[in-house]
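For the single chain, residues carry numbers from 1 onward in sequence order.
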Amino acid sequence: MADSSSSSNNSSSSLRDLTHTAASQLVHWREPKKSGAAFGLSLLVLVSLATLSVISVLSYLLLACLCVTITFRVYKSVIQAVQKSNEGHPFRSLLERDISVSSESVRQLADQFLIHLNWFSNQTRRLLLVEDLVDSLKLAAVTWVMTYVGAVFNGVTILILADIIFFTTPLIYQKKKAQIDHHVEAVRLKLEETLQSLQDKLPGAVKKSKVE
């Protein structure tokens, strides 16, 4: 039983590492063609959602996919008929590939979801019930700012901006790494000093222990 649990944990860890590596390669443009395709497709879908309904976007995507696959299938069939070859179905390798989801994969995803759900529940309770006054004030400040953001942008617009930032920030950071690190460190120190000063002045604030 212990061996099974250990194997499940190792598989879950390897799955997380693989996902993290794939995402890192995309956003850092290790393979420009794949990154460009992912960026362009995600941006196209989000812009489409900003102007069309979800049903329309899904229908257009499926229609475009069918147009490509049907055209390619007919083209290969004509070529085979002209050349009198017997290559078979052009998508045979994809049709024969096993894409079924195993119970082990579902169990790993469920375990990961449960871990994140429990963390979110604990953090929400801690912040809403003011376990730490400074952290709760941070949340209040963020939500107050978000009310103004929501008044200016809708959800899809924010997702479009997030998608652009997600793919462009790593490139900018690589070119301006030294300058950005210097400014970020200065802002972090200033913020820590301000929060520490605020925490010292607030009566009844729960101070965090420095002992790990």
Side-chain angles (χ1 to χ4, degrees), residues 15-75 91 94-95 97 99-101 105-106 108-110 112-125 127-128 135-177 179-181 183-184 187-188 191:
L15 181 61
R16 284 199 309 271
D17 293 341
L18 183 61
T19 303
H20 181 269
T21 301
S24 178
Q25 289 180 347
L26 278 179
V27 299
H28 287 92
W29 297 78
R30 303 284 187 243
E31 299 182 30
K33 290 184 179 180
K34 291 184 178 180
S35 296
F39 180 42
L41 181 60
S42 60
L43 192 60
L44 176 62
V45 171
L46 291 173
V47 171
S48 300
L49 287 173
T51 56
L52 303 171
S53 66
V54 176
I55 295 177
S56 296
V57 173
L58 291 177
S59 298
Y60 280 123
L61 287 175
L62 291 175
L63 183 60
C65 181
L66 284 172
C67 287
V68 172
T69 54
I70 291 174
T71 301
F72 185 72
R73 172 69 193 279
V74 172
Y75 169 76
F91 299 117
L94 296 176
L95 290 171
R97 181 178 298 178
I99 59 173
S100 59
V101 180
S105 299
V106 174
Q108 291 175 8
L109 292 175
Q112 290 300 312
F113 175 76
L114 186 60
I115 291 173
H116 292 299
L117 179 62
N118 289 333
W119 177 86
F120 177 77
S121 300
N122 291 330
Q123 290 297 316
T124 302
R125 179 183 62 181
L127 292 170
L128 293 181
D135 286 346
S136 296
L137 288 174
K138 291 178 185 178
L139 177 63
V142 170
T143 52
W144 179 72
V145 170
M146 292 304 295
T147 60
Y148 288 94
V149 174
V152 177
F153 304 104
N154 58 30
V156 177
T157 304
I158 294 175
L159 289 177
I160 292 174
L161 294 175
D163 185 59
I164 295 173
I165 293 172
F166 185 74
F167 279 96
T168 57
T169 301
L171 289 176
I172 298 174
Y173 177 73
Q174 290 176 4
K175 295 180 179 179
K176 306 286 186 179
K177 183 176 181 180
Q179 298 177 9
I180 293 175
D181 288 344
H183 292 300
V184 168
V187 171
R188 186 184 66 82
L191 183 60

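Looking only at distances, no side-chain donor or acceptor of Thr71 sits under 3.5 Å from a matching main-chain atom of Val68. In this structure a side-chain-to-backbone donor-acceptor pair under 3.5 Å is missing from Thr169 to Phe166. A donor-acceptor contact shorter than 3.5 Å links the side chain of Asn118 to the backbone of Leu114.
Of the residues Val47, Val45, Leu46, the one that meets the side-chain contact (heavy atoms from CB on, under 4.5 Å) test with Asp163 is Leu46.
Annotation: the span from Ser59 atom OG to Leu66 atom CG amounts to 11.0 Å, rounded to 0.5 Å. Atom CZ of Phe39 and atom CG of Leu41 lie 11.5 Å apart (nearest 0.5 Å). Taken from NE2 in His116 to CD in Gln112, the straight-line distance is 5.0 Å, to the nearest 0.5 Å. With values rounded to the nearest 0.5 angstrom, Lys138 atom NZ is found 14.0 Å from Thr143 atom OG1. Taken to the nearest 0.5 Å, the CG atom of Leu127 stands 10.5 Å off from the CG atom of Leu137. Taking CD1 of Ile172 as the start and CD1 of Ile165 as the end, the distance is 9.5 Å to the nearest 0.5 Å.
Here the shortest heavy-atom pairing between Phe167 and Ser35 reads CE2-O, 3.9 Å. Residues Phe153 and Ile158 come closest through the heavy atom pair CB-CG1, 3.8 Å.
Atom CZ of Arg188 is surrounded by more than 12 heavy atoms from other residues, nucleotides or ligands within 6.0 Å. Leu117 CG: more than 12 foreign heavy atoms inside a 6.0 Å radius.
Side-chain contact between Leu44 and Ser48 is present, with heavy atoms from C-beta onward closer than 4.5 Å. At least one side-chain heavy atom of Leu52 sits less than 4.5 Å from a side-chain heavy atom of Tyr60.
Using bins of under 30°, 30° to 60° and over 60° for the plane-to-plane angle, the ring pair Tyr75/Phe72 lands in the tilted bin.
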